[in-house]
Amino acid sequence: MVRAAKNQGPDRPSLADRFRQASDPSLADLLETFHFDPDKAEIFLNGQRMVLTDNAGLAIMRRELISALGYDRARGVMSRIGYSIGSGDAALALELRKDGTLFEGFTVGPQLHSLKGSVKVVPKVFEADRKTGYFYSEYEWHNSAECHAHLKEIGIGPHPGGWQQVGYASGYSSAFFGRPIIFRELSCVAMGHKHCFLVGKPAEDWDDPDGELRWFRAEGYPDRPASRRKPAAVAVGAPDRDDGPLGARPMVGASPGFNVTLHLVDKVARSEAPVLFLGESGVGKEVFARELHRRSRRADRDLVAVNCAAIPDTLIEAELFGVEKGAYTGADASRAGRFERADGGSLFLDEIGTLSLAAQGKLLRVLQEGEYERVGGTRSIRCDVRLIAATNAKMRADVEAGRFRADLFYRLNTFPIWIPPLRDRRADIPLLANFFLRKFTARHHKRDISFDDRVIRLFHDYHWPGNIREMENTIERGVILASDGEMIGVHHLMMSGDALQPEDGMSHDPLADFIIETAKRPQRPPIGAALLESGLSHDEVIDHMVRSALDQCGGNQVEAGRLIGMSRNQIAYRVKKLGLR
């Protein structure tokens, strides 16, 4: 466990000293990823394009957001932006200092904050244990650009102004440790204090976790209709419970893609329009469908779910619309279909693209007329059902190929909602991983199980072709194989060598393929050890860097300085010292 505080005795460096040591020399490991080319109007950091922005413009944007959306919604927007940026930077931190201490690795985030000109970060307390999941930290912020901009435009008030920065700290920490961690700004220059002060700890450790979690939700939904049923939580971190099957679990997410989808769900929920969820297999279409029902005016009635692909074509009409006695051999009694069971509520048709053309015709009549007939019946039955459908198929291509009725498609396509794949919602990965870890440790009666650093990096880098369903199954496998008190490692996710390498020599497990391929990649030798073995002094190492940079840049001292993070004057000094022309 890493445990550090401000006062550590005369013989031990303070936390602030360790923070500075991790930053030397001049954030070289971070600047290594920095590229500045004014001729092309390009600035890149870790492969991501950056923009130099006038801080006054950000302050004006904040004022306009508050005017247009109101204080709470504007704060939520800025917090979610920061959360997404922070979660992305965590992947860089896990890679840059994977061989350093936990504190050194975590320090990348605050250093990036300083490098981007956001704020000077001074750590006061840092206590963390990846194995147990314990985390507690305290930081001071000095010269915060965001908080000073808030002070200038909004003035001193009762609330802190570091909205995006707090979101960044929360997103970065959550992704770094693979569990929901929330920071809260307790003091702020925007509240009249000398400097800003914030505390971070796991979401469930706060006395009022909802107080800060609400800023990372898509909306507050104050007008959500009342229901006799307890709604699922919609938050950055879900509670320690298991609501049953995949479609009944709480909503978990904080990424822009998750929030946009949830926002669309809320917009359409209280209408009666049919909704079509689109997306790859495993993205959680049924989860969002159930959330749509919970937010609708029909929330106190049933949601009946049907997987159309799991029912044979010969039985699908009877399953949906019911059967009259004597309709076919074996029909000894009349039986209600799913539409009758869902009367007054909602009917969810998953994999709707697999319906036969005959069933599609009857479904179209229900949507147009609000009535249908049982199989073998002659009496029209009225129904009051909200239809929700989902598919991973390319519906327009199916229409063009004649596999799906165009008129039905256009009725279903009244309000389509695309759910992005997990690889495009990386801010959700640590939250989902933590949720499934708690779910399966409870289900399989395991204790004190967590993820090691390599697994957290793997989860960030892997493209998840099976989306959330694949992650759920992978983590359950790891929990089953890990012992009490053990950290889940990569080997827990791969099963046995026989399972990974079938007779054709190829793995049929995409995650295993990814792990094996990653392990085969050439690793860059540790440069520090090579330099020590060379016997070169500090000055000699810099001299060699300057010579190489000048050779690569054709003698251009400005470009050479940019290449290795030195000023032109520093390069000129070395040139003169070495007697170079």
Side-chain angles (χ1 to χ4, degrees), residues 1-5 8 12-34 45-48 83 85-116 118-119 121-139 165 168-183 198 200-202 426-427 429-431 433-434 450-462 487-490 518 523-529:
M1 175 174 180
V2 177
R3 187 180 294 272
Q8 296 182 306
R12 298 188 62 188
S14 68
L15 192 62
D17 289 337
R18 291 175 58 197
F19 182 83
R20 285 191 292 270
Q21 290 168 6
S23 303
D24 292 338
S26 303
L27 300 176
D29 50 355
L30 300 180
L31 285 170
E32 189 175 290
T33 69
F34 184 79
L45 181 64
N46 190 36
Q48 298 293 320
Y83 190 99
I85 296 172
S87 65
D89 282 352
L92 171 63
L94 289 165
E95 181 60 31
L96 274 178
R97 296 180 184 163
K98 56 188 175 185
D99 299 323
T101 66
L102 185 61
F103 175 72
E104 290 170 347
F106 186 79
T107 295
V108 171
Q111 289 172 359
L112 279 169
H113 241 160
S114 299
L115 182 62
K116 295 176 182 179
S118 299
V119 62
V121 181
V122 179
K124 293 299 179 181
V125 177
F126 182 86
E127 300 175 355
D129 188 340
R130 193 180 286 285
K131 185 174 182 179
T132 63
Y134 176 77
F135 179 85
Y136 179 82
S137 66
E138 296 177 2
Y139 287 89
Q165 290 176 184
Y168 178 97
S170 300
Y172 176 84
S173 304
S174 298
F176 188 92
F177 285 100
R179 65 176 311 191
I181 292 175
I182 299 299
F183 275 80
L198 69 161
K201 50 188 176 180
R426 295 200 176 272
I429 289 175
L431 310 179
N434 178 71
S450 58
F451 300 116
D452 73 13
D453 290 353
R454 289 186 64 201
V455 168
I456 293 174
R457 286 198 298 270
L458 174 69
F459 284 177
H460 274 94
D461 295 340
Y462 186 50
M487 299 184 79
I488 295 177
V490 172
T518 302
Q523 299 296 315
R524 187 169 62 180
I527 191 170

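Since this is a predicted model, take the numbers as computed values, not measurements.
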Using ring centroids (six-membered ring only for Trp), state whether Phe106 and Tyr172 fall under 6.0 Å.
yes
Side-chain heavy-atom pair Ser137, Val125 within 4.5 angstrom cut-off
no
Heavy atoms of Ala427 and Ser87 approach each other most closely as CB-OG, 3.3 Å
Write down the atom of Asp452, the atom of Met487, and the distance for their closest heavy-atom approach.
CA-CE, 3.6 Å
Which atom of Ser170 lies closest to which atom of Phe183, heavy atoms considered:
OG-N, 3.0 Å
Tell me every residue that passes side-chain contact (heavy atoms from CB on, under 4.5 Å) with Ser118, counting only those two or more places apart in sequence or in another chain.
His113, Lys116, Gln165
Quick one: sort the Phe177 and Phe135 rings into parallel, tilted or perpendicular, breaks at 30° and 60°.
tilted
Just verifying a value: how many Å separate Asp461 CG and Arg454 CZ, rounded to the nearest 0.5 Å?
11.5 Å
Residues in ring pair (Phe, Tyr, Trp, His ring centres under 6.0 Å) contact with Phe451, at least two apart in sequence or another chain
Phe459
Do Tyr168 and Leu112 have side chains that approach each other closer than 4.5 Å (heavy atoms only, starting at C-beta)?
yes
Do you know the tightest heavy-atom contact between Val455 and Ile488?
CG2-O, 3.2 Å
d(Asn434 CG, Ile429 CD1) to nearest 0.5 Å is 13.5 Å
Closest approach of Glu127 and Tyr134, non-hydrogen atoms and distance?
OE1-OH, 2.9 Å
Val119 to Ser114 - nearest heavy-atom pair and separation:
O-OG, 3.1 Å
